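Read through the structure below, which is laid out as structure tokens, and then see the notes.
Since the structure is predicted, the reported quantities are computational estimates derived from the model, not experimental observations. In what follows, every chain begins at residue 1, and chains take the letters A, B, ... in the order their sequences are listed. Only this structure's heavy atoms are used, side chains among them; waters, hydrogens and symmetry mates stay out.
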Amino acid sequence: MTVVTRFAPSPTGFLHIGGARTALFNWLYARRMGGKYLLRIEDTDRARSTGEAVAAILDGLDWLGLSGDGEPVFQHTRLDRHAEVARTLLAEGKAYRCYCSPEALREMRERARVLGRTALYDNTWRDRDPAEAPAGVDPVVRLKTPLDGETVIEDLVQGRVAVRNADIDDFVLLRADGTPTYMHSVVVDDHDMGVTHVIRGDDHLNNAFRQAQLFRAMGWAEPRFAHIPLIHGPDGAKLSKRHGALGVEAYREMGYLPEALCNHLLRLGWSHGDDEVIDRGRAAEWFGLEAVGRAPARFDTGRLDSLNAHYIREAGDGRLADTALDWLRRRLARELTPAEEERARRGIAGAKARARTLADLADGLAFYADGQPDGYTPKAAKLLRADGARAALEGVLEAAGGLDDWTEAGVEAAVRALAERLGVKLGAVAQPLRAALTGSHASPGIFEVMAILGREETLARVKAVCPPPASD
RNA sequence: GACCCCUUCGUCUAGCGGUCCAGGACAACGGCCUCUCACGCCGUAAACACGGGUUCGAGUCCCGUAGGGGUCGCCA
């Protein structure tokens with residue numbers, strides 16, 4: 001039997017972190033088992049579903065590399081099929097029409113709560129003669145669930161979970177307007193799509209019991225369920241799009257790489273011994289539901305930062321170049337001249353070792369374009385005022401002017417010789433120089449910076465802070 | 001309130017009865033390296049929620065307690 005998994009978001013907002021992880025687990029499980037991973041947009045609630053949300057979710061999945069195998073199924077296109085299944089159930093006496101008013105239902109809920117019961121609906125119309133139906137009331141259709149015994153789910157993550165059938169009420173299949181509820185359409189669609197493994201958030205565990213009853217009523221094979229623990233916020237409370245959690249696009253905008261986000265999400269609730277850095281290929285080899293934990297994890301960005309830094313360092317300069325240059329243009333809010341672009345491109349190798357995010361990377365590259373885009377940092381200004389700074393910079397001007405070999409090795413030899421001649425440590429020359437060239441007290445190696453900047457630009461920047469004595 | 005789930009360092013976790021005075025990673029702190037910042041390397045501090053059992057032996061099994069979370073719609 002081929003494994004078929006699915007990710008079924010409802011398009012009422014962006015793709016949030018929890019959804020992204022659910023999608024990732026479904027994708028990984030399908031890959032691992034050599035199966036298929038499908039997408040379904042749960043848009044039966046036409047009032048809350050929007051086209052923008054559909055686009056945002058599909059975009060987010062695409063960015064993460066979690067697009068479905070084949071085109072996504074839009075649930076609203078299957079309304080007729082959902083109604084047809086409900087009609088079958090009605091005809092077989094496994095479902096019935098309920099004419100209770102919303103007010104009556106509200107009273108039932110209150111009564112049930114007072115009695116300390118879980119099942120809310122009191123089965124008013126379960127066995128009542130349809131002839132008693134009030135005129136002019138559109139009924140809902142409810143499933144006739146068993147009154148005795150218990151429903152057991154052998155969950156692949158949670159283990160055996162049982163609920164007494166008395167605690168499962170006759171839930172609604174079709175609304176009064178004839179449209180299907182989520183509970184009904186999920187089951188019909190999962191069956192029709194051949195879904196074998198339902199991997200989703202823990203918050204659906206209770207729904208599984210109801211859905212299992214519906215599968216049984218139709219005589220359909222139940223899929224295996226795997227309810228993965230939710231991701232909580234730093235405060236330990238549920239993290240969901242409804243509570244202000246960030247969408248994946250927010251992480252993209254902060255400069256995180258999709259592979260870093262996926263790696264981080266993967267390690268939230270799943271582990272493989274002591275392995276921490278796990279790329280997509282490895283994950284697809286190693287992933288298994290048996291290693292998914294049952295306790296919720298908190299979403300903490302500390303490790304995400306560290307993983308992102310790792311993946312930035314790992315990324316080939318070529319692959320990173322276009323992205324980095326885009327970030328730099330945005331950072332400077334202008335286009336780059338060919339010379340600036342060339343310098344920035346050569347600076348990527350040095351800058352990426354120091355960046356945790358793409359935003360950091362752009363910051364680290366900025367000085368290659370402008371001299372000091374934000375002026376000198378306070379620490380840099382201090383370095384320029386330090387004792388001996390003036391002498392060191394004048395020495396550089398002198399030594400650099402006549403240097404033939406303007407390469408990293410060449411300038412290094414010249415600057416080291418200068419420091420020796422002045423009788424100071426290398427740092428006494430390198431630091432003021434760094435401040436003059438980059439506007440900062442921290443940067444890639446100073447000789448690398450000089451080599452990339454070139455003689456002309458290097459001298460110009462030094463002269464800017466160390467004007468030569470006016471000659472007459 | 002009812003039902004269901006969870007509980008190892010600050011965080012993510014390893015641990016599937018003895019090999020655990022509990023291991024790794026991130027974060028923190030100290031040091032080395034060094035032209036700065038990173039990287040890298042070395043080191044320090046840091047946890048089995050609590051109480052009962054079962055067992056020769058429990059972080060690991062069972063039962064309670066406490067705490068946390070989830071679900072109880074003609075939303076998904």
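Out of B/rC26, B/rC74, B/rC5, the shortest distance to the side chain of A/Ser306 is found at B/rC26. Candidate nucleotides B/rA76, B/rC12, B/rU7 were compared by shortest atom distance to the side chain of A/Ala295, and B/rU7 ranks first.
With no hydrogens or angles considered, no side-chain donor-acceptor pair links A/Asn26 and A/His197 at under 3.5 Å. At a cut-off of 3.5 Å, with distance as the only test, no side-chain donor of A/Glu42 or A/Ser185 sits close to an acceptor on the other residue. For the residue pair A/Tyr99/A/Asp138, the side-chain donor-acceptor check at 3.5 Å is not satisfied. In summary, the side chains of A/Thr357 and A/Asn308 do not present any donor paired with an acceptor at a separation below 3.5 Å, with no hydrogens or angles considered.
Here A/Asp177 lies out of heavy-atom contact (under 4.0 Å) with every strand. In this structure, A/His264 reaches neither bases nor backbone, as no heavy-atom distance under 4.0 Å exists between it and the strands shown. Nucleic acid contact for A/Val140: base, since at least one base atom lies under 4.0 Å from a heavy atom of the residue. Within the 4.0 angstrom heavy-atom criterion, no nucleotide atom of any strand lies near A/Ala419. Here A/Gly269 lies in heavy-atom contact (under 4.0 Å) with sugar-phosphate atoms only. Residue-level contact check: A/Asn206 touches the bases, meaning some heavy atom is under 4.0 Å from a base atom. As judged by a 4.0 angstrom heavy-atom cut-off over every strand, A/Ala176 is placed among the base-contacting residues.
Along RNA chain B, the nucleotide closest to A/Arg117 and the one closest to A/Asp300 are compared, and the more 5′ of them pairs with A/Arg117. Residues A/Trp270 and A/Leu120 both approach RNA chain B. Their nearest nucleotides, taken by heavy-atom distance, put A/Trp270 toward the 5′ side.
Of the P atoms belonging to B/rA22 and B/rG59, the separation is 12 Å, rounded to the nearest Å. For the C1' atom pair drawn from B/rA38 and B/rC33, the interatomic distance equals 13 Å after rounding to whole Å. Rounded to a whole angstrom, the distance from the P atom of B/rU8 to that of B/rA14 is 10 Å. Comparing B/rA2 with B/rC48, their P atoms sit 31 Å apart, to the nearest whole Å. Here, B/rG30 and B/rA45 have their C1' atoms 10 Å apart, quoted to the whole Å. Between B/rU60 and B/rC16, the two C1' atoms lie 7 Å apart (nearest whole Å). B/rG23 sits 12 Å from B/rA47 when the C1' atoms are compared, rounded to a whole Å. Comparing B/rU7 with B/rU65, their C1' atoms are spaced 13 Å from each other, to the whole Å.
In a base pair of the Watson-Crick type (N1 to N3 plus N6-O4 or O6-N4) or a G-U wobble (N1-O2 and O6-N3), with each distance short of 3.5 Å, B/rA28 is matched with B/rU44. For B/rU54, there is no paired nucleotide, since no Watson-Crick or G-U wobble pair has both relevant distances below 3.5 Å. Across all strands shown, B/rU71 is found opposite B/rA2 as a Watson-Crick or G-U wobble partner, with both distances under 3.5 Å. If you check B/rC20 for Watson-Crick or wobble pairing at under 3.5 angstrom, you find it has no partner at all.
Protein atom CG of A/Leu143 is 14 Å distant from nucleotide atom P of B/rC74, rounded to whole Å. For the pair A/Tyr182 OH and B/rC74 C1', the interatomic distance rounds to 16 Å; values are reported in whole Å. Taking atom CD1 of A/Ile168 as the reference point, atom P of B/rC72 lies 14 Å away to the nearest angstrom. For the pair A/Glu110 CD and B/rA2 C1', the interatomic distance rounds to 16 Å; values are reported in whole Å. For the pair A/Asn263 CG and B/rA25 P, the computed distance is 15 Å after rounding to whole Å. Taking atom CZ of residue A/Arg210 and atom P of nucleotide B/rC4, one finds them 13 Å apart after rounding to whole Å. When the P atom of B/rG24 is taken as reference, atom CD of A/Glu276 falls 11 Å away, rounded to whole Å. To the nearest angstrom, P of B/rC3 lies 19 Å from CZ of A/Arg109.
The phosphate of B/rA76 has OP1 or OP2 within less than 4.0 Å of a side-chain N or O from A/Thr44. OP1 or OP2 of B/rA14 lies within a sub-4.0 Å distance of a side-chain N or O belonging to A/Ser271.
The pair A/Glu285-A/Arg282 meets the salt-bridge criterion, with a side-chain N (NZ, NE, NH1 or NH2) lying under 4.0 Å from an Asp/Glu carboxylate O. In summary, A/Glu276 and A/Arg303 engage in a salt bridge, as defined by a charged side-chain N under 4.0 Å from a carboxylate O.
The aromatic ring centres of A/Trp125 and A/Tyr96 sit 6.0 Å or more apart. For A/Phe25 and A/Phe7, the ring centers sit 6.0 Å or farther from each other.
Within the structure, ring-ring contact (aromatic ring centres under 6.0 Å, His included) contacts touching residues 168-193 of chain A (residues at least two apart or in different chains) are A/Tyr182-A/His204, A/His191-A/Trp220.
Taking 3.5 Å as the limit, the base of B/rC6 and the side chain of A/Arg294 contain no donor-acceptor pair of atoms between them. Judged by distance alone with a 3.5 Å cut-off, a donor-acceptor contact links the side chain of A/Asp274 to the base of B/rG23.
Ring pair A/His227/A/Phe225 is parallel by interplanar angle, where below 30° counts as parallel and above 60° as perpendicular.
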Protein within reach of the bases, or only the backbone? For nucleotides 31-39 of chain B, mark each nucleotide 5' to 3' as B, S or -, using heavy atoms under 4.0 Å.
----BBBSS
